[in-house]
Amino acid sequence: MDIKNIIATNIKIDNCDVDFSKLVTDTADKKMGDFSVACFSLAKILRKSPMQIAEEIKENFPKLNIIDEIQVVNGYVNFFVNKNHCVQNILEEINSQKCFEKDGGNANKTVCFDYSSVNLAKYMHIGHLSTTMIGESLARIYEALGYKVVRINYIGDYGTPFGKMMYAHLTWGSEQELTQRGVDYLQDIYVEFCKKAEEDPKLEEYAREYFKKICDKDPQVYPIFNKFIEISKVTAKNILDRLDVHFDSWKGESAYSEDLDNVISLLQSKNLLEDSQGAKIVNLEKYNLGACLIQKSDGTSIYASRDISALIDRYKTYNFDKMIYVTAVQQKLHFEQVFKVMELVDNNFLGKLEHVYYGMFSLPTGKIASRKGKQAVLVDLMDYALNKTMDIMSTRPFTEEKKKEIATKIAYSALKFTPLKNERIKDSVFDIENAFSFDGDTSAYLQYTYARICSILKKAGDIGFENINYSMLSLNASQLVIELNNYKNILQKAQEQNEPSIISKYTFEICKLFNKFYTTEKVVTDDLESTKAKVFMIKNLKEILTHLFGLICIDTVEEM
């Protein structure tokens with residue numbers, strides 16, 4: 001029920017062509033009304049005082065069932081809604097699933113998301129959680145609004161690190177260990193190479209030579225490289241499966257590494273390419289973006305050239321309306337340069353490319369660096385979280401199988417939710433000890449609230465919901481229902497700002513309102529009329545929370 005829109009469309013002022021939907025806002029103090037219109041911005045347009053305009057709005061506003069009272073206070077028009085009427089409409093909309101209907105206008109729009117970007121043959125560490133979970137949450141938000149979504153994992157399967165691993169494997173490694181230990185083995189020989197290279201700089205040259213052999217598809221080296229890739233993909237997919245993240249495309253950097261000539265030809269045909277000290281660039285100085293390096297002086301491709309090639313391929317494949325990259329803020333300039341180059345190549349790309357960036361995770365001990373070894377390895381953190389949660393669940397009266405099922409949902413949700421809780425641009429220190437605490441703003445708190453709701457519904461049983469008397473709902477209950485009505489607006493706002501934390505904060509607000517209601521009054525009582533109204537409200541609250549949890553990657557738990 002779009003109460004704001006109903007109010008906005010019924011505001012009438014002579015000779016005033018203003019979109020009032022932008023002026024109707026929630027009031028901070030509910031004692032002053034539920035919604036408000038500030039008239040100060042209209043004063044210059046209408047050449048009247050804000051008080052005069054406010055009075056005119058009040059006088060011309062039609063009598064509506066959803067509005068109980070209108071007050072004018074110091075240039076503000078405050079609207080008090082009819083709680084019973086609104087509550088009934090809101091709950092019936094949720095119950096009929098109407099509020100979850102997708103926007104048909106988005107059905108033919110395709111949005112591609114490039115996120116996670118797993119570096120193969122290396123451990124996924126805690127730093128991968130941000131790109132993976134922010135990207136996944138945004139993909140779910142867009143899907144909920146009706147968009148066709150394509151999930152792309154642009155894997156890191158190209159670069160000198162593979163030359164380092166190849167040299168180490170063929171010089172002091174073991175084929176048997178590669179087969180048996182997989183990524184653990186690859187990471188170990190990579191770390192060992194880095195340590196030895198500090199003492200013997202010649203090893204870096206050998207690494208470049210072996211990487212060139214990979215690029216040239218050397219008959220001895222290239223099959224081993226492919227084995228590195230396949231082993232690493234299986235490991236990465238297993239971890240992502242545990243996070244409930246699945247991709248439509250795993251096409252990585254190597255797929256575009258040989259397309260440099262086509263990129264150069266395209267840019268030359270648009271008169272965009274310049275020579276610079278043996279390298280080739282696109283000069284973007286007049287856009288305050290410096291020089292975008294396309295080809296290095298040694299004739300090889302660079303990140304930008306491969307991203308340009310990937311963009312052209314994706315546009316041909318998916319004909320996207322929007323291409324969104326979810327990466328760290330440190331890559332902001334890189335994407336600004338790539339986007340500007342693509343817009344200069346073809347203005348069809350104008351407005352279709354977007355970089356959603358985020359702040360960095362660090363550990364209490366400092367930054368994360370894979371070359372130092374097993375620091376903040378994601379799979380280890382997942383196992384640690386699961387074991388910790390299993391300890392918490394050990395005293396619960398469930399079967400061992402049930403304990404593990406619940407513990408897994410709590411542990412993994414805590415990890416998945418951590419990058420989605422606060423504004424994505426903020427830097428944060430990752431503290432796993434607090435991530436799955438049952439106190440504070442955590443996913444475990446939300447899951448516990450959900451489980452409590454399920455317990456109430458189970459206790460109430462099948463009572464039927466005919467002829468509900470909505471006047472039996474208290475002020476706390478009505479406030480909760482009015483807040484549920486914001487679901488679609490919150491979803492839209494999160495999509496417009498590409499900000500999952502908007503949904504996270506809204507979910508916390510709803511759960512806090514429910515717990516406030518729950519601690520002040522009993523739900524299931526001998527009064528059937530009262531019980532019926534409250535249980536119907538809670539049933540629909542559960543429906544909203546189920547959808548919200550899915551959007552912010554939290555698993556629902558019905559018992560804890």
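This one's a predicted model, so the numbers in the text were calculated from it and none came from an experiment.
For Tyr445, the OH atom counts as densely surrounded, since its 6.0 Å shell holds more than 12 non-hydrogen atoms of other residues, nucleotides or ligands. Atom CG of Asn348 has more than 12 heavy atoms from other residues, nucleotides or ligands within 6.0 Å. No more than 12 heavy atoms of other residues, nucleotides or ligands lie within 6.0 Å of NZ in Lys404, so this atom counts as exposed by the packing criterion.
Checked against ring pair (Phe, Tyr, Trp, His ring centres under 6.0 Å), Tyr487 has the following partners two or more places apart in sequence or in another chain: Phe100. Residues satisfying the salt bridge (charged side-chain N to carboxylate O under 4.0 Å, His left out) criterion with Asp218, sequence neighbours excluded, are absent altogether. Residues satisfying the side-chain contact (heavy atoms from CB on, under 4.5 Å) criterion with Ser174, sequence neighbours excluded, are Gln176, Glu177. When the salt bridge (charged side-chain N to carboxylate O under 4.0 Å, His left out) test is applied to Glu543, no partner is found at least two apart in sequence or on another chain. Annotation: salt bridge (charged side-chain N to carboxylate O under 4.0 Å, His left out) contacts of Lys388 (sequence neighbours excluded): Glu433. Considering only residues two or more places apart in sequence or on other chains, Glu483 meets the salt bridge (charged side-chain N to carboxylate O under 4.0 Å, His left out) condition with none of them. For Phe320, the ring pair (Phe, Tyr, Trp, His ring centres under 6.0 Å) partners two or more places apart in sequence, or in a different chain, are Tyr315. With sequence neighbours excluded, the residues forming a ring pair (Phe, Tyr, Trp, His ring centres under 6.0 Å) with Phe225 are Phe162, Tyr222, listed by chain and number.
Ring geometry for Trp250 against Phe247 counts as perpendicular: the plane angle is over 60°, on a 0 to 90° scale with 30° as the lower cut. Between Phe113 and Tyr115, the ring planes are perpendicular. Angles over 60° get that label, and only those under 30° would be called parallel.
The closest side-chain donor-acceptor pair between Ser305 and Tyr256, if any, does not fall under 3.5 angstrom. Side-chain contact check for Ser443 and Lys421: no donor-acceptor pair (N or O, by modelled atom type) lies under 3.5 Å. Between the side chains of His246 and Asp248, no donor-acceptor pair is found at a separation under 3.5 Å. A side-chain donor-acceptor contact under 3.5 Å links Asp555 and Ser413.
Residue pairs meeting the side chain to side chain donor-acceptor pair (under 3.5 Å) criterion with at least one partner in residues 154-173, sequence neighbours excluded, are Asp157-Ser254, His169-Glu175, His169-Tyr185, Trp172-Glu192. For residues 201-214, every residue pair satisfying the side chain to side chain donor-acceptor pair (under 3.5 Å) rule, not counting sequence neighbours, is listed here: Lys212-Asp216.
Atom CD of Gln492 sits about 13.0 Å away from atom CG of Asn486, to the nearest 0.5 Å. Distance check: Phe228 CZ to Asn226 CG gives 10.5 Å after rounding to the nearest 0.5 Å. The distance from atom CG of Leu484 to atom CD1 of Ile510, rounded to the nearest 0.5 Å, is 5.0 Å. Rounding to the nearest 0.5 angstrom, the gap separating the CG atom in Leu120 from the NZ atom in Lys233 is 7.5 Å. Note that CG of Leu145 is 10.5 Å distant from NZ of Lys109, once rounded to the nearest 0.5 Å. Within the model, atoms OH of Tyr358 and CD1 of Ile134 stand 6.5 Å from one another, a figure rounded to the nearest 0.5 Å.
Between the side chain of Ser137 and the backbone N or O of Met133, no donor-acceptor pair lies under 3.5 Å. Panel note: side chain His128, backbone His125; a donor-acceptor pair is recorded below 3.5 Å. In this structure, the side chain of Lys488 engages the main chain of Glu101 through a donor-acceptor pair within 3.5 Å. Side chain of Asn119 to main chain of Lys122: no donor-acceptor pair is present (N/O by atom type, distance under 3.5 Å, no hydrogens or angles). A distance-only check finds no donor-acceptor pair linking the side chain of Asp321 to the backbone of Val111 [under 3.5 Å].
Between Glu336 and Lys340 there is no salt bridge, since no side-chain nitrogen of the basic residue lies less than 4.0 Å from a carboxylate oxygen of the acidic one. A salt bridge links Asp26 with Lys4: at least one charged nitrogen is closer than 4.0 Å to a carboxylate oxygen. For Lys505 and Glu499, the salt-bridge test fails: no basic side-chain N is under 4.0 Å from an acidic carboxylate O.
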Donor-acceptor list for residues 280-294 side chains, cut-off 3.5 Å, not counting sequence neighbours:
unit_1	atom_1	unit_2	atom_2	d
Lys280	NZ	Asp275	OD1	2.9
Asn283	OD1	Glu285	N	2.9

For residues 260-274, please give each side-chain donor-acceptor pair under 3.5 Å, one per line with the distance, not counting sequence neighbours.
unit_1	atom_1	unit_2	atom_2	d
Asn262	ND2	Asp259	OD1	2.5
Ser265	OG	Asp261	O	3.0
Ser269	OG	Leu266	O	2.6

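In plain terms, the two heavy atoms of Lys322 and Gly351 that are nearest each other are NZ-O, 3.2 Å.
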- Item | side chain to side chain donor-acceptor pair (under 3.5 Å) assessment of Thr132 paired with Lys416 | CA-CA 9 Å; Thr132 302; Lys416 292 187 288 184; over 6 Å; no
- Task: Starting from the C-alpha separation in whole Å, work towards a yes-or-no answer on side chain to side chain donor-acceptor pair (under 3.5 Å) for Asn498 and Tyr357.
- Result: CA-CA 10 Å; Asn498 287 318; Tyr357 48 86; over 6 Å; no
- Task: Dump the intermediate steps for side chain to side chain donor-acceptor pair (under 3.5 Å) on Tyr147 and Asp103, then the final yes or no.
- Result: CA-CA 8 Å; Tyr147 293 91; Asp103 186 343; over 6 Å; no
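Looking at heavy atoms from C-beta onward, Val221 lies in side-chain contact with Leu170 at the 4.5 angstrom threshold.
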